[in-house]
Amino acid sequence: TMSVNVIGAGLAGSEAAWQIAKRGVPVNLYEMRPVKNTPAHHTSQFAELVCTNSLRANGLSNAVGLLKEEMRRTDSLIMQSADAHAVPAGGALAVDREPFSQAITDKLSSLPNVTIHREELTGFPDGITVVATGPLTSPALADAIKQLNGDDGFYFYDAAAPILDEASIDMDKVYRKSRYDKGTADYLNCPMDEDQFHAFYEALIHADVAKSHDFEKEKFFDGCMPIEVMAKRGEKTMLFGPLKPVGLEDPRTGKRPYAVVQLRQDNAVGSLYNIVGFQTHLKWGEQKRVFRMIPGLENVAIVRYGVMHRNTFMNAPLVLAPTYESLKKPHLFFAGQMTGVEGYVESAASGMVAGINAARAAQGLAPVVFPEDTEVGAMAHYITHADPHHFQPMNANYGIMPKLDHKVRDKKTRNLEMADRALAALAAFQQAHAEQLV
Ligand code: FAD
């Protein structure tokens, strides 16, 4: 059989390599770490999570929950490992990041038809290839992609939240609770009164930020906006965002604090917590000074500071097919964040599709396009059919799927109906390709 090259063993590349190898097609998997690092990765493991340990909502009323379920039903390696290494996180699926990545690394390393090359590629190798080098693609390969696609490459900035040592949190000041007591009480909450909030707000908006190339032109992920940028939009803005107190009444007093900072467990043993929504671009010393103003964090040890990085993605509507094959070069596939899908799970899902189609190309089979009624298919459709003049990376969501043929007023009920339809469409699709897809 012909073999397939996969470049980058991140969320997308690991999933792609798995989908190819499990179909009996040999894989050459190229990963530059640890020989060459990225500004956000810290280990040499495959599928390292560079920021939060949360893969977001797990329930089917949320589209990213549906996306996960579709991936489970397509035998996703990322989902196998995520489920095996889940940590408590209310309605979300969060993972113990180290064993999560370790299991994926071990699995791919153990497959006889996967050959791992720890090296940076600076161009496209001959033969069927999946490029999944992520938002922090090394500059040489980024140039090659730019040359291939013409001028349709953009950039924007992205930020990660600090991680704290649990032992340094003042447990007398914080309380354990999840919002509206949903699920188990997985969050530590730091309550603020109005004066404390105001002092914190003032310190935050006047704190020193690290330099970036062109601050004015920065664009952020929605939901990954630096906390200081959000704060600068107005004193109340954070109270409707990460510091929202509703549903977080302090069980010791029964009262709702003026503001609440939430800490989310970051590893299985609970020795690390991240500050929810506190992606930041503050200088490290400033992070320590300002975040120690949060009640309970007066003496906190920050084990990983928040950081900000460049992020690159292509103008997929102009250069990519919904099979994730390049429109510019046959048998060259792209997957992951660089295609304009946004998020860990979305990246892995695109890797799944690119991997399936790369394997099919090696087997001499026609590529498949997942049905638009599935979230996997809706994402592929969206990034390849969006308006190229305003193209921005997209998270899984129900808004990009075809509407139901009848009206359902309640949003949750409607989403659950769409999830039912999606899983039925996936089953039919898998049945139709039964002899080839497995
Ligand atoms: P990656 O997981 O980054 O994998 C790419 C791999 O390719 C890496 O292992 C890299 O070392 C390797 N590589 C790069 N260039 C080469 C080369 N030339 N040759 C060989 N190997 C190469 N998403 C979320 O859902 N939640 C978050 O909290 C979140 N935070 C983020 C924070 C930051 C700082 C960044 C940059 C992104 C964040 N994202 C987040 C977005 C996105 O989900 C992740 O970046 C995700 O890892 C993307 O998956 P990927 O497979 O496309 O890329």
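In this chain, numbering begins with 1 at the start of the sequence shown. Whatever order the structure lists ligands and atoms in, that order sets their numbers, starting from 1.
- Using a 4.0 Å cut-off between heavy atoms, V345 makes no contact with ligand 1 at all.
- Residue V50 touches ligand 1 through its side chain alone, judged by heavy-atom distances below 4.0 Å.
- For E417 and R414, the salt-bridge test fails: no basic side-chain N is under 4.0 Å from an acidic carboxylate O.
- The shortest heavy-atom distance from K36 to ligand 1 is not under 4.0 Å.
- When non-hydrogen atoms are compared, ligand 1 lies under 4.0 Å from the backbone of A132 (N, CA, C, O) but not from its side chain.
- More than 12 heavy-atom neighbours from other residues, nucleotides or ligands sit within 6.0 angstrom of CD on E69.
- Residue-ligand proximity, L141 to ligand 1, at heavy-atom distances under 4.0 Å covers atoms 18 (N).
- Any N or O atom pair closer than 3.5 Å counts here, and R33 shares at least one such pair with ligand 1.
- In this structure, I205 CD1 and E235 CD are separated by 8.0 Å, a value rounded to the nearest 0.5 Å.
- An N or O contact shorter than 3.5 Å is missing between E48 and ligand 1 by distance.
- Note: no N/O pair closer than 3.5 Å links S54 and ligand 1 by distance alone.
- Not a single N or O atom of M338, backbone or side chain, sits closer than 3.5 Å to an N or O atom of ligand 1.
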